[in-house]
Peer 1: 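Can you keep this structure in mind? I'll have questions shortly.
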Amino acid sequence: MGVPGRSDIEASLRQVGVFSNANLDEIRMIAQLGVLRGIEEGAYFFFQGDPAEYLYILLSGRAKLCQIMPNGQQVNLRTLLPNQLFGAVGAIDAQSAYPAFAQALEDSIALAIGSAAFRQFLETHAHISFGMMRLMTGYIQEMQARFSDLATVQVEQRIARTLLRLAGQYGRTIDEGLLVELPF
């Protein structure tokens with residue numbers, strides 16, 4: 001794992017959707033709020049139920065965001081790729097606990113930002129707050145669509161929709177068509 005420099009961190013932050021309207025000074029401020037955390041494959045960024053003291057921006061590697069159900073079943077909510085923000089519930093509600101756990105699927109580096117510090121930043125940068133609302137609204141809409149599919153759509157159609165969603169999120173164009181790499 002190579003440690004990213006300040007300019008690498010700022011370049012990654014510019015790729016995070018929440019920060020799409022941030023100017024260079026704001027990107028630098030956000031970078032300064034965080035500390036780098038290297039997480040080895042199989043290790044955890046946080047556990048479900050822990051106080052949500054940090055939010056993370058994945059700079060390199062891959063991780064999974066999962067929830068453990070009361071019966072012990074693990075539900076994969078999403079696979080995280082570089083330049084994605086996760087674990088931000090504490091930045092919105094100071095009393096929050098993480099509703100899921102985040103585990104590195106490979107050696108990863110993330111920028112960890114204290115939830116309280118980021119919450120203060122959001123209070124003075126409304127356009128970034130709207131970026132957070134767009135992110136969370138997108139998650140809610142995705143979960144509603146999945147719930148609706150489970151309740152109303154046949155298995156074959158759900159598989160097709162899942163493949164299309166994964167292609168949109170993780171697919172890349174190659175000479176032969178679209179490649180979706182999903183290591184399990």
Side-chain angles (χ1 to χ4, degrees), residues 1 3-69 74-144 169:
M1 268 189 291
V3 178
R6 179 68 52 197
S7 62
D8 297 325
I9 294 169
E10 291 173 6
S12 286
L13 291 176
R14 283 194 284 281
Q15 301 299 311
V16 176
V18 169
F19 308 137
S20 64
N21 294 324
N23 63 40
L24 184 57
D25 288 337
E26 291 166 330
I27 292 291
R28 288 184 175 145
M29 289 172 67
I30 294 165
Q32 290 173 356
L33 289 174
V35 294
L36 291 177
R37 292 230 172 121
I39 306 291
E40 293 182 356
E41 179 181 345
Y44 295 85
F45 290 93
F46 52 81
F47 294 99
Q48 182 174 325
D50 284 351
E53 296 174 346
Y54 294 91
L55 64 91
Y56 296 86
I57 298 157
L58 195 61
L59 301 177
S60 66
R62 287 181 312 112
K64 65 179 179 177
L65 194 60
C66 296
Q67 210 169 35
I68 301 291
M69 305 314 291
Q74 179 176 304
V75 177
N76 189 354
L77 301 175
R78 75 179 52 257
T79 300
L80 302 164
L81 300 173
N83 307 323
Q84 288 187 315
L85 184 146
F86 62 102
V89 294
I92 305 304
D93 179 4
Q95 306 306 313
S96 287
Y98 294 115
F101 69 84
Q103 183 180 26
L105 294 172
E106 59 191 46
D107 291 352
S108 300
I109 298 175
L111 187 68
I113 300 174
S115 294
F118 194 72
R119 189 170 37 260
Q120 288 178 333
F121 179 83
L122 291 175
E123 288 173 0
T124 58
H125 297 84
H127 58 286
I128 306 293
S129 296
F130 280 104
M132 291 291 289
M133 286 190 277
R134 279 192 305 276
L135 175 72
M136 292 183 180
T137 299
Y139 289 160
I140 291 168
Q141 290 171 335
E142 181 183 333
M143 290 301 134
Q144 288 174 329
Q169 290 176 335

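If you're wondering where the values come from, they're calculated on a predicted model, not measured in any experiment.
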Peer 1: If I take atom OG1 from residue T79 and atom NZ from residue K64, how far apart are they, to the nearest 0.5 angstrom?
Peer 2: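 That separation rounds to 8.5 Å.
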Peer 1: Could you tell me whether the side chain of N21 reaches within less than 4.5 Å of the side chain of I128, counting heavy atoms only?
Peer 2: no
Peer 1: Return the OG to CZ distance between S20 and R14, rounded to the nearest 0.5 Å.
Peer 2: 13.5 Å
Peer 1: Do the rings of Y98 and F46 sit parallel, tilted or perpendicular, given the 30° and 60° boundaries?
Peer 2: parallel
Peer 1: Can you see which heavy atom on L55 is nearest to which on A88, and at what distance?
Peer 2: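 The answer is CB-CA, 3.7 Å.
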Peer 1: At what distance, to the nearest 0.5 angstrom, does CG of D50 lie from OH of Y44?
Peer 2: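 The OH atom of Y44 is 12.0 Å from CG of D50, to the nearest 0.5 Å.
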Peer 1: Does R78 make a cation-pi contact with F86, if we ask for NZ or CZ under 6.0 Å from the ring centre and within 45° of the axis?
Peer 2: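 Not satisfied by the 6.0 Å and 45° rule.
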Peer 1: Within a 6.0 Å radius of atom OH on Y54, are there more than 12 heavy atoms belonging to other residues, nucleotides or ligands?
Peer 2: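 At most 12 heavy atoms, drawn from other residues, nucleotides or ligands, come within 6.0 Å of this atom.
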Peer 1: Is L111 close to L13 at the side-chain level, that is, under 4.5 Å between some pair of heavy atoms?
Peer 2: yes
Peer 1: Which heavy atom in G61 sits nearest to a heavy atom in S108, and how many Å separate them?
Peer 2: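 Taking every non-hydrogen atom into account, CA-OG, 3.5 Å.
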Peer 1: Is the closest side-chain heavy-atom distance between R62 and L81 below 4.5 Å?
Peer 2: yes
Peer 1: Taking all atoms of both residues into account, what is the closest heavy-atom pair of C66 and A100, and its distance?
Peer 2: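 Heavy-atom minimum between the residues: O-CB, 2.9 Å.
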Peer 1: In Å, rounded to the nearest 0.5 Å, how long is the span from CD of Q32 to CZ of R28?
Peer 2: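 Separation between the atoms: 9.0 Å.
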Peer 1: Hey, does the side chain of R134 reach the backbone of G17 with a donor-acceptor pair shorter than 3.5 angstrom?
Peer 2: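 No; judged by distance alone, with no hydrogens or angles, the pair does not exist.
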Peer 1: Examine distances only and state if a side-chain atom of S12 and a backbone atom of N83 form a donor-acceptor pair shorter than 3.5 Å.
Peer 2: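 No, S12 side chain to N83 backbone: no donor-acceptor pair under 3.5 Å.
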Peer 1: CG of L58 to CD1 of I109: how many Å apart, nearest 0.5 Å?
Peer 2: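 So the gap between those two atoms works out to 9.5 Å.
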Peer 1: Of all heavy-atom pairs between A31 and E10, which one has the smallest distance, and what is that distance?
Peer 2: CB-CG, 4.2 Å
Peer 1: To check you understand the geometry: which heavy-atom pair defines the closest contact between I68 and Q74, and what is its length?
Peer 2: CD1-CB, 4.0 Å
Peer 1: For side-chain contact (heavy atoms from CB on, under 4.5 Å), just list the numbers for L59 and L36, CA-CA rounded to whole Å, side-chain angles, deciding distance to a tenth of an Å, and then say yes or no.
Peer 2: CA-CA 9 Å; L59 301 177; L36 291 177; 3.5 Å; yes
Peer 1: Short question: side chain of E26, backbone of N23 - any donor-acceptor pair under 3.5 Å?
Peer 2: yes
Peer 1: Relative to each other, are the rings of F121 and F118 parallel, tilted or perpendicular (30° and 60° limits)?
Peer 2: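 It falls in the parallel class, under 30°.
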Peer 1: S115 side chain to E53 main-chain N or O, any donor-acceptor pair under 3.5 Å?
Peer 2: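 Indeed, once roles are kept as given, a pair shorter than 3.5 Å links the two residues.
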Peer 1: With a 4.5 Å limit on heavy-atom distance, are the side chains of Q103 and I39 in contact?
Peer 2: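 Sidechains of I39 and Q103: no contact.
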Peer 1: Taking all heavy atoms of V89 and all of P99, pick out the closest pair and write down the distance.
Peer 2: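 Result for this residue pair: CG2-CD, 4.0 Å.
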Peer 1: Quick one: are F19 and I57 in side-chain contact, heavy atoms under 4.5 Å?
Peer 2: yes
